[in-house]
**Q** 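Can you keep this structure in mind? I'll have questions shortly.
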There are 2 protein chains.
Amino acid sequence: MNNVKYSIGQLAKESGCKVETVHYYEKIGLMPEPPRTEGGHRVFALSHVKRLNFIRRSRELGFKIEQIKDLLKFIDEPNHYCGEVRAMAMLQARAVQEKIDDLQRLQLALNEMVIKCKGSNNSIDDCPIVDALFTKKATGQQ
Amino acid sequence: MNNVKYSIGQLAKESGCKVETVHYYEKIGLMPEPPRTEGGHRVFALSHVKRLNFIRRSRELGFKIEQIKDLLKFIDEPNHYCGEVRAMAMLQARAVQEKIDDLQRLQLALNEMVIKCKGSNNSIDDCPIVDALFTKKATGQQ
DNA sequence: CCTTGAACCTATAGTTACTACAGGTTCTAT
DNA sequence: ATAGAACCTGTAGTAACTATAGGTTCAAGG
């Protein structure tokens with residue numbers, strides 16, 4: 001009884017992305033090809049809205065498209081278990097922590113540079129930041 | 001008296017990047033066109049090594065190519081002051097902090113999901129992670 | 001019913017910062 | 001002299017979209 005229909009514009013707004021992004025997701029097979037009107041316009045159902053929300057939310061959480069494909073496979077196909085999804089989430093959490101660590105090292109380096117530099121109008125030749133940038137490695141690479 | 005010469009391979013190794021990356025930097029104007037041998041091979045000097053190190057280090061610190069162009073402009077042109085560089089470094093530090101904050105919120109969400117999910121082999125239909133992913137917004141976007 | 005303009009359609013190119021390849025030339029060491 | 005490593009140019013590919021062009025369809029107002 002819930003057969004509300006959505007145009008692509010409504011769908012996009014509903015999930016906070018652009019129409020072109022929906023096209024893109026369809027092209028790469030993340031979103032299914034929906035039915036069309038006589039004239040060729042796409043017509044979406046609530047299930048599409050949910051699926052797109054899932055995708056967008058997963059992207060926000062830093063999952064890559066390929067990972068999301070895997071997650072959706074879990075959901076689309078029967079015979080999958082919660083444990084598999086949990087494992088992916090844990091992997092993702094670990095990757096995120098590594099990114100955070102990297103950035104914090106980076107932040108430290110930047111702040112040190114800024115503190116050492118009195119700024120104002122001494123010449124560029126005496127700038128400790130420029131100096132630091134000419135020096136090799138100190139942070140983990142990105 | 002220090003006129004050591006470097007091949008592009010040596011230059012790349014010296015700065016920890018690939019030969020193709022040097023070509024690329026030359027093409028986009030980050031690195032100057034160096035002199036060549038009779039046969040057309042590039043010949044670099046120590047100044048090139050230093051400049052490339054500067055670029056690579058800045059990239060490690062998260063500066064975008066366009067920002068590095070600005071930094072190099074400060075260095076290449078006279079009449080610039082340390083203060084300008086300092087300001088850019090501070091801006092960069094702020095941007096990095098924002099990224100860190102985002103990722104930490106993300107981390108929180110992921111960990112919550114993992115904790116709520118007992119994993120094991122309950123069906124995907126009861127998975128709290130899948131559930132959470134179907135729900136809208138909770139983290140800042142990336 | 002007709003018109004207007006918003007929303008839609010497809011297909012292609014652009015974005016960022018590289019990386020990878022193809023097909024050919026030069027350099028270096030034996 | 002020759003083998004093979006390193007170099008050359010130019011083009012295409014990567015991720016995840018975004019933007020544009022040029023045309024069609026839809027919904028609302030007159």
Side-chain angles (χ1 to χ4, degrees), chain A residues 4-44 48 51-72 92 95 99 102 106 141-142, chain B residues 5-31 33-44 48 51-72 92 95 99 102 106 141-142:
Chain A
V4 194
K5 300 298 175 199
Y6 299 82
S7 71
I8 195 169
Q10 292 168 328
L11 172 65
K13 193 165 292 172
E14 203 76 30
S15 331
C17 68
K18 310 224 164 143
V19 169
E20 290 89 347
T21 308
V22 182
H23 285 157
Y24 173 69
Y25 287 159
E26 184 181 319
K27 198 169 57 187
I28 64 173
L30 262 192
M31 290 292 286
E33 292 184 26
R36 305 273 185 132
T37 63
E38 293 277 286
H41 286 199
R42 290 169 179 81
V43 181
F44 297 94
H48 295 105
R51 192 184 181 91
L52 185 52
N53 277 337
F54 183 96
I55 294 168
R56 292 309 299 172
R57 177 114 174 83
S58 301
R59 289 286 301 125
E60 277 174 24
L61 291 178
F63 287 96
K64 303 221 157 165
I65 297 273
E66 281 310 307
Q67 294 179 299
I68 299 174
K69 274 190 184 165
D70 289 343
L71 286 172
L72 287 170
Q92 180 61 9
K99 247 191 221 166
D102 272 3
L106 193 165
Q141 76 282 49
Q142 188 253 12
Chain B
K5 299 298 174 199
Y6 299 82
S7 71
I8 196 169
Q10 291 169 330
L11 172 64
K13 191 164 293 172
E14 203 76 29
S15 331
C17 69
K18 308 225 164 142
V19 168
E20 291 90 345
T21 307
V22 181
H23 286 155
Y24 173 69
Y25 286 159
E26 184 181 320
K27 197 169 58 184
I28 64 172
L30 263 192
M31 291 292 286
E33 293 184 26
R36 306 272 185 135
T37 62
E38 292 278 287
H41 285 199
R42 290 169 178 82
V43 180
F44 297 93
H48 294 106
R51 192 183 180 91
L52 185 52
N53 277 337
F54 183 97
I55 293 168
R56 292 308 299 172
R57 178 115 173 82
S58 302
R59 289 287 301 128
E60 278 173 22
L61 292 179
F63 287 95
K64 304 221 158 162
I65 297 273
E66 279 311 306
Q67 294 179 299
I68 298 175
K69 273 190 185 164
D70 289 342
L71 285 170
L72 286 170
Q92 180 61 8
K99 248 190 220 165
D102 272 3
L106 193 164
Q141 78 282 47
Q142 191 250 9

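Each chain gets a letter, A, B and so on, in the order the sequences are listed, and its residues count up from 1.
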**Q** Rounded to the nearest 0.5 Å, what separates atom NZ in A/Lys5 from atom OG1 in A/Thr37?
**A** 12.5 Å

**Q** Within this structure, what is the CG-NZ distance for the pair B/Asp70 and B/Lys64, rounded to the nearest 0.5 Å?
**A**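 B/Asp70 atom CG to B/Lys64 atom NZ measures 13.0 Å (nearest 0.5 Å).
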
**Q** A/Lys69: what forms a side chain to side chain contact (heavy atoms under 4.5 Å, CB included) with it, not counting sequence neighbours?
**A**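 Applying side chain to side chain contact (heavy atoms under 4.5 Å, CB included) to A/Lys69 gives A/Leu30, A/Glu66.
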
**Q** Starting from C1' on C/dA17, measure out to CZ on B/Arg59 and report it in whole angstrom.
**A** 6 Å

**Q** Locate the shortest heavy-atom distance separating B/Pro34 from B/Phe44; write the atom from each residue and the value.
**A** CG-CE2, 3.5 Å

**Q** Give the rounded distance in Å between these two atoms: CD1 of B/Ile28 and P of C/dA17.
**A** 8 Å

**Q** Considering all heavy atoms of both residues, which atom of A/Ile55 and which atom of A/Ile68 are nearest to each other, and what is their separation?
**A**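 What the structure gives for the nearest pair is O-CD1, 3.8 Å.
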
**Q** Output all residues satisfying side chain to side chain contact (heavy atoms under 4.5 Å, CB included) with A/Pro32, sequence neighbours left out; order by chain, then residue number.
**A** A/His48, A/Arg51

**Q** C/dA17 C1' sits how many Å from B/Met31 CE, rounded?
**A**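 Rounded to the whole Å, the gap is 16 Å.
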
**Q** If a protein heavy atom is under 4.0 Å from the base, mark B; if only from the sugar-phosphate, S; if neither, -; do that for nucleotides 21-30 of chain C going 5' to 3'.
**A** -----SS---

**Q** Should B/Lys27 be listed as having a side-chain N or O under 4.0 Å from OP1 or OP2 of C/dC18?
**A** no

**Q** Name the first nucleotide and the last nucleotide along DNA chain D (5' to 3') that come under 4.0 Å of a heavy atom in chain B.
**A** D/dC7 to D/dT9

**Q** Between C1' on C/dC18 and CD1 on B/Ile65, what's the gap in Å once rounded to a whole number?
**A** 9 Å

**Q** Quick check for you: to the nearest 0.5 Å, what is the distance between B/Leu106 atom CG and A/Glu60 atom CD?
**A**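 It is 9.0 Å, given to the nearest 0.5 Å.
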
**Q** Checking A/Gln67 side chain against A/Gln92 main chain: does a donor-acceptor pair fall under 3.5 Å?
**A** no

**Q** On DNA chain C, compare the nucleotides closest to B/Lys18 and B/Lys64; which residue's is nearer the 5' end?
**A**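 Of the two residues, B/Lys64 wins.
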
**Q** Please state how far atom CZ in B/Arg56 lies from atom P in C/dA17, giving the value in whole angstrom units.
**A**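 Result: 11 Å.
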
**Q** Identify every side-chain donor-acceptor pair in residues 17-28 of chain B under 3.5 Å, counting partners at least two apart or on other chains, and give the distances.
**A**
from    : atom 1 : to      : atom 2 : distance (Å)
B/His23 : NE2    : B/Arg42 : NH1    : 3.3
B/Tyr25 : OH     : B/Arg56 : NH1    : 2.7
B/Glu26 : OE1    : B/Arg42 : NE     : 2.7

**Q** Using the closest heavy atom to pick a nucleotide of DNA chain D for each, name whichever of B/Phe44 or A/Tyr24 lands nearer the 5' end.
**A**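 Whichever sits nearer the 5' end wins; that is B/Phe44.
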
**Q** Which residues within residues 5-12 of chain A lie with some heavy atom under 4.0 Å of an atom in DNA chain D?
**A**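 Result for residues 5-12 of chain A: none.
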
**Q** What's the spacing between B/Arg57 CZ and B/Phe63 CZ if we round to 0.5 Å?
**A** 10.0 Å

**Q** Specify the closest pair of heavy atoms between A/Arg59 and A/Ile65, including all atoms of both residues, with the distance to one decimal.
**A**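 Where A/Arg59 meets A/Ile65 most closely, the heavy atoms are CD-CD1, 4.1 Å.
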
**Q** For a quick test of reading the model: is some side-chain N or O of B/Tyr25 closer than 4.0 Å to OP1 or OP2 of C/dC18?
**A**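 Looking at the OP1 and OP2 atoms of C/dC18, one of them is under 4.0 Å from a side-chain N or O of B/Tyr25.
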
